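One structure is given here, and the rest of the page talks about it.
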Amino acid sequence: MALITFINHKSFFTNLNYHNNKNLSFFFFFSSKSQQQEKPFCTSVETIVTLLKSCSKKTHLLQIHSHIIRTLLIRQQIILTSFLSCVALSPLRDLKYSNRFFAQIRKPDCFNFNTMIRAYSQSDFPLEGWKFYNEMRERGIRPNPLSSSFVLKSCTQVSSLIGGRQIHARILQDGHQSDCLLLTALMGFYAFCENGTDARLVFDEMPQRDTVAWNVLISCYARNKRIRDALILFDVMQNPEYGSKPDDVTCLVALQACAHLGTLEFGERIHRFIDEHGYGDATNLRNTLIAMYSRCGCVDKAFRVFQGMSERNVVTWSALIHGFAMNGHGRDAIEAFREMQRMNVPPDEQTFTGVLSACSHSGLVDEGMMFFERMRTEFGISPSIHHYGCMVDLMGRAGYLDQAYELIISMTVKPDSAIWRTLLGACRVHGHVALGEHVVSHLIELKAQEAGDYVLLLNTYASVGDWDKVADVRRLMKEKGIQTTPGCSTIELHGQVHEFVVDDDSHPRMKEIYAMLDEIEKQLKIAGYVAEVSSELHKLSAQEKGFVLSYHSEKLAIAFGVLATPPGKTIRVAKNLRICTDCHNFAKALSSVYNREVVIRDRSRFHHFRQGNCSCNDYW
DNA sequence: GTAGGGTTAG
């Protein structure tokens with residue numbers, strides 16, 4: 001009896017360790033003993049609640065269940081609530097059991113309903129939570145903001161825009177339109193559904209906006225192709241009118257936007273902000289900094305961040321490897337991979353994507369094959385579509401087109417349009433017309449053909465001089481109303497991003513830019529630069545081709561760079577498509593004649609031009 | 001004496 005008093009003693013349970021099974025064993029010992037002796041074993045409600053928290057096995061839960069039934073504790077709402085939370089939400093989650101238990105509760109309250117909705121939102125059947133959400137309304141129980149927030153989570157899980165809109169309407173009906181956390185969740189939902197307009201509307205309607213609300217809006221813009229707006233918000237939120245201070249998450253999201261846009265100056269500014277505000281130790285921020293610098297073409301700065309880190313995880317190493325890969329430092333990427341193994345950091349899927357793409361960008365065919373094999377045999381990672389993509393690129397660039405085709409056919413995963421497109425690119429480089437046509441038929445089968453694919457096919461014909469076929473494809477594109485993506489290049493100057501498209505005349509300094517471009521061409525021609533006419537698609541006279549080539553967007557951006565920056569300053573340009581041979585030659589010549597370093601990021605990688613050479617060794 | 005919500009790394 002003394003012992004029973006002891007187990008009931010409050011101090012014992014307030015000090016107990018939740019994961020200490022000793023306490024449970026104690027409890028079960030007394031419980032079964034009292035059952036044998038048919039004597040009631042009294043426990044306080046608090047004891048049961050505390051014990052429930054330390055449950056790590058379902059058998060324990062069942063024993064507690066039978067105990068609370070025997071001791072009539074089942075009548076107490078607090079026990080029911082705790083028990084339901086335990087069955088529905090702890091790692092022991094069992095939805096069938098939760099449902100049965102829920103049905104036993106005579107008067108379930110809002111909290112009980114929320115528990116069920118929340119449990120389903122985390123399960124494989126998220127929409128089942130709706131039933132409970134509707135039932136509580138039918139029973140006249142008013143949902144609180146959390147009820148809506150849990151159903152919203154279910155809608156996000158299944159990307160149900162209609163469901164989310166219904167919740168939105170209910171939030172207004174229930175008068176929860178001032179709940180900042182709920183509205184932030186709603187914004188997050190719209191952002192997830194790529195609906196930036198509605199996310200913005202919710203944001204505008206919020207009575208108060210804290211940093212998290214700003215973060216959601218910035219991340220929404222960054223993910224939905226409004227990257228420049230995302231960066232503008234980083235400054236806007238700090239205006240005295242709004243007075244929100246960016247936190248570590250704001251910096252992280254903004255850095256991702258900088259990486260996308262290739263805006264080095266803005267990225268550096270955020271880097272300083274991070275250090276000044278003491279966020280600098282966070283591994284996730286450091287990892288994103290590595291990615292940002294790499295994607296802005298500054299591997300040395302990325303490496304400096306890497307060196308300054310006291311803790312490095314698989315993400316850190318993968319970011320570094322990816323950085324080396326996209327900047328053409330294939331050997332360094334492989335060395336980093338080896339170093340990572342020496343440090344006993346196990347690689348994952350994304351590490352190998354980096355290693356394989358490093359091999360493909362640097363033409364390391366044998367090494368790539370070896371890593372692809374080791375990935376499966378040594379590390380037990382089965383190849384994803386991305387790994388196959390790297391291998392097709394690797395083999396395709398090296399001219400093993402048929403083997404690349406065989407690899408696609410042998411894949412365990414269904415080939416997507418991106419992988420066929422990679423092979424199509426290789427067909428263009430090697431002038432393999434027959435395979436190119438075959439690949440296009442695969443794309444048509446997938447109903448995934450894009451303007452760029454026709455352009456690649458057209459280029460393949462052009463590369464072997466089949467101008468009739470080129471004209472056919474052009475006609476076909478015209479008939480189908482397919483429009484090509486216009487080439488677009490950006491250059492950052494004093495934190496401002498300047499954008500150029502083909503034949504652009506919208507820039508305020510356009511006259512000067514064209515004059516500068518003419519002057520540059522004149523100087524380069526003296527040094528031996530000849531316009532590469534095969535890059536141009538149209539069947540034009542050589543003179544006309546030369547004329548059209550002069551206005552490629554990257555040339556305009558470079559001319560603006562020469563015009564607007566002091567001599568010797570590196571010119572950094574980002575382009576949405578892949579750079580053409582002519583512009584590549586142009587940049588190479590310029591880097592030597594004007595003694596300028598030029599860094600161009602195209603759709604797939606970086607080109608560092610220095611003294612007449614490119615880091616890609618004309619291999620891209 | 002119960003007690004759950006929003007953003008975030010390669």
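Everything quoted here is computed from the prediction, not taken from an experiment. In what follows, chains are A, B, ... by sequence order, proteins preceding strands, each numbered from 1.
- Within 6.0 Å of CG on A:Asn134 lie more than 12 heavy atoms contributed by other residues, nucleotides or ligands.
- Within 4.0 Å (heavy atoms only), A:Cys180 reaches at least one base atom of the nucleic acid.
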Pairs of donor and acceptor atoms involving the side chains of residues 144-151 of chain A, under 3.5 Å and at least two apart or interchain, shall be tabulated with distances.
{"unit_1": "A:Asn144", "atom_1": "OD1", "unit_2": "A:Asn114", "atom_2": "ND2", "d": "3.0"}
{"unit_1": "A:Asn144", "atom_1": "OD1", "unit_2": "A:Leu146", "atom_2": "N", "d": "3.1"}
{"unit_1": "A:Asn144", "atom_1": "OD1", "unit_2": "A:Ser147", "atom_2": "N", "d": "3.1"}
{"unit_1": "A:Asn144", "atom_1": "OD1", "unit_2": "A:Ser147", "atom_2": "OG", "d": "3.0"}
{"unit_1": "A:Ser147", "atom_1": "OG", "unit_2": "A:Asn114", "atom_2": "OD1", "d": "2.8"}
{"unit_1": "A:Ser147", "atom_1": "OG", "unit_2": "A:Asn144", "atom_2": "N", "d": "3.0"}
{"unit_1": "A:Ser147", "atom_1": "OG", "unit_2": "A:Asn144", "atom_2": "O", "d": "3.1"}
{"unit_1": "A:Ser148", "atom_1": "OG", "unit_2": "A:Tyr133", "atom_2": "OH", "d": "3.4"}

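- Among the heavy atoms of the strands lying under 4.0 Å from A:Leu252 are primed sugar atoms or P, OP1, OP2 only; no base atom is included.
- A:Thr211 comes within contact range of no nucleotide atom at all, as no heavy-atom separation falls under 4.0 Å.
- Among the heavy atoms of the strands lying under 4.0 Å from A:Asn313 is at least one base atom, whether or not backbone atoms are also near.
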Pair up each side-chain donor or acceptor in residues 191-199 of chain A with any protein partner under 3.5 Å, not counting sequence neighbours, and list the distances.
{"unit_1": "A:Asn195", "atom_1": "OD1", "unit_2": "A:Asp198", "atom_2": "N", "d": "3.2"}
{"unit_1": "A:Asn195", "atom_1": "ND2", "unit_2": "A:Asp198", "atom_2": "OD2", "d": "3.0"}
{"unit_1": "A:Asp198", "atom_1": "OD2", "unit_2": "A:Arg165", "atom_2": "NH1", "d": "2.8"}
{"unit_1": "A:Asp198", "atom_1": "OD2", "unit_2": "A:Arg165", "atom_2": "NH2", "d": "3.2"}

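- Within 4.0 Å (heavy atoms only), A:Val216 reaches sugar-phosphate atoms of the nucleic acid but no base atom.
- Partner A:Tyr293 forms a side-chain hydrogen bond (donor to acceptor under 3.5 Å, both in side chains) with one of A:His271, A:Arg304, A:Lys301 and no other, that one being A:His271.
- Look at A:Asp210 and A:Lys245 and you find no salt bridge, because none of the NZ, NE, NH1 or NH2 atoms lies under 4.0 Å from a carboxylate O.
- A:Asn144 comes within 4.0 angstrom of a base, heavy atoms only.
- If you check every strand for non-hydrogen atoms under 4.0 Å, A:Thr81 touches a base.
- Taking every nucleotide of DNA chain B with any atom under 4.0 Å from a non-hydrogen atom of chain A, the first and last of them, 5' to 3', are B:dG1 to B:dG10.
- Contacts of A:Arg312 with the nucleic acid, taken as non-hydrogen atoms under 4.0 Å apart, are absent.
- Using a 4.0 Å heavy-atom cutoff across all strands shown, A:Gln77 reaches no nucleic acid atom at all.
- Within the 4.0 angstrom heavy-atom criterion, no nucleotide atom of any strand lies near A:Asp248.
- Counting heavy atoms from C-beta outward, A:Gln122 and A:Arg93 have side chains that approach closer than 4.5 Å.
- Remark: side-chain polar atoms of A:Arg209 are paired, donor with acceptor, to backbone N or O of A:Phe203 under 3.5 angstrom.
- At the heavy-atom level, A:Ala191 lies nowhere under 4.0 Å from the strands shown.
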